[in-house]
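A quick write-up on the structure given underneath.
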Amino acid sequence: MNLYLIKYGEITLKGKNRRFFENKLLSNLRSRVGPYGGEVEFYQGRIFVRSEDDRIIPILQDTFGLVEICPAIKLPLDMDVLRRTAAEEMKKLVGEGPATFKVEARRSNKSFELDSPAINHDIGGYILHHVPNVSVDVHQPQIRLEIEVREQFYMYVETFPALGGIPYGTAGKSVVLMSGGIDSPVAAFQMARRGVEIVPLHFHAMPFTSEMALDKVRQLVHRLTYYTDWLYFYHINLSEAQITIREHCDERYYTILQRRLMTRLATKLADQKHALSLTTGENLAQVASQTMEGIVCTNDATHLPVFRPLISFDKDDIVRRAKQIETFETSILPYEDCCTIFLPSKVATRPKLADVLAEEAKLDMDALVEQTWKTIVREKIEA
Ligand code: ATP
Ligand code: MG
């Protein structure tokens with residue numbers, strides 16, 4: 001059975017809420033490693049995972065809230081055993097060498113006779129004598145041999161970095177407006193990584209958009225469940241509303257009016273699901289809805305805060321993240337989006353709110369929301 005000592009980050013800072021965060025992290029971990037026969041244990045402020053399946057390492061690395069995964073060896077509190085095992089492990093890792101190393105002991109079991117500096121000195125000295133071609137570098141060692149002194153010794157020399165963030169489901173809920181594009185899945189990921197429970201909502205325009213276009217978004221949501229275990233995916237048919245907008249309004253305002261309608265519908269869903277915010281993949285750019293003026297106009301259509309986690313990202317950064325979380329290849333599939341179906345020939349890129357409201361007054365917006373809302377569909381997507 002392999003043993004992994006798990007280091008988790010910021011939640012140690014959360015004071016009274018610490019228990020809540022830890023419990024959530026533990027239950028998230030249990031459901032993620034369960035399928036791999038992993039067992040999760042928590043004691044004395046440390047998480048330990050046991051499993052025989054190596055595939056568990058990337059799963060742990062991709063769990064929000066974790067910082068490092070350390071494959072560990074558990075030993076009895078016997079310095080002689082520790083010395084020999086430490087030297088063996090170093091030999092395995094160093095091979096012919098040369099390599100620099102440092103021993104870092106932490107004694108939380110104060111009844112153990114040696115303190116941390118004494119253990120560092122003892123084990124470091126033993127390694128220097130028994131492993132060829134190694135030297136100590138306390139500032140920037142290539143290898144850190146860490147020892148935790150608890151009811152037993154836990155020793156580890158290798159660590160795998162994890163995603164960081166905070167445990168999923170500890171920071172409230174947000175309705176994420178999900179197109180089939182590159183940005184919105186990344187925005188959803190960024191929020192989920194900060195602990196926010198996400199409720200993906202997509203607008204399609206069937207029959208003008210295809211079943212394949214909807215399925216592409218479904219696939220993106222499915223990919224996100226790798227991080228969240230499961231998600232309710234909502235979709236709404238905007239086609240009738242788009243036709244109504246087209247019949248009544250100046251084409252320069254189609255995009256922004258449509259965006260305000262989406263925002264209203266997303267708010268309705270959020271209110272029903274007790275989500276306290278909306279999230280979009282918007283990023284300051286020179287398209288109508290993504291100028292500051294455009295953002296003012298969409299924000300005006302909701303009482304909820306709208307989070308835009310990518311607002312300051314460069315496209316390259318977004319693409320890099322999309323590749324990392326494996327949504328990129330799906331996002332670039334060439335299916336039409338509802339926003340591009342009725343593309344106007346002229347667009348107001350810096351719309352004034354007063355003008356937009358005047359244009360919107362030509363519609364019965366409440367009725368449009370009610371009628372469009374009737375098309376909502378919920379699907380449960382599981383990892
Ligand atoms: P993305 O790559 O996420 O599509 P984008 O850069 O193409 O973003 P837009 O198409 O203007 O920009 O969309 C901006 C944001 O509006 C999206 O990130 C998403 O949050 C929301 N959005 C756009 N179209 C839809 C849609 N069909 N359904 C749900 N949300 C949408
Ligand atoms: Mg888009």
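In each ligand, atom 1 is the first atom listed, and ligand 1 is the first ligand listed.
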Just jot down the ligand 1 atoms closer than 4.0 angstrom to any heavy atom of [X], in number order.
X: Gly181; value: 1 (P), 2 (O), 4 (O)
X: Glu282; value: 14 (C), 15 (C), 18 (O)
X: Gly281; value: 17 (C), 18 (O), 20 (O)
X: Thr280; value: 20 (O)

Side-chain donor-acceptor pair under 3.5 Å between [X] and [Y], yes or no?
X: Glu379; Y: His235; result: yes
X: Thr302; Y: Thr263; result: no
X: Thr100; Y: Ser135; result: no
X: Asp62; Y: Tyr227; result: no

State whether the shortest distance between N or O atoms of [X] and N or O atoms of ligand 1 falls below 3.5 angstrom.
X: Phe203; value: yes
X: Thr279; value: no
X: Lys315; value: no
X: Pro185; value: no

His204 to ligand 1, any heavy atom closer than 4.0 Å: no

Close approach of Ile182 to ligand 1, heavy atoms, under 4.0 angstrom: yes

Result of checking Ile69, Leu163, Ile47 against Leu60 for side chain to side chain contact (heavy atoms under 4.5 Å, CB included): Ile69

Residue part near ligand 1, for Leu201, under 4.0 Å between non-hydrogen atoms: backbone

Lys/Arg-Asp/Glu bridge criterion (N-O < 4.0 Å) met for Arg106, Glu146: yes

Cationic N near anionic O, under 4.0 Å, Lys102 to Asp137: no

Best match, Ser179, Ala266, Gly180, Gly294: closest heavy atom to atom 1 (P) of ligand 1: Ser179

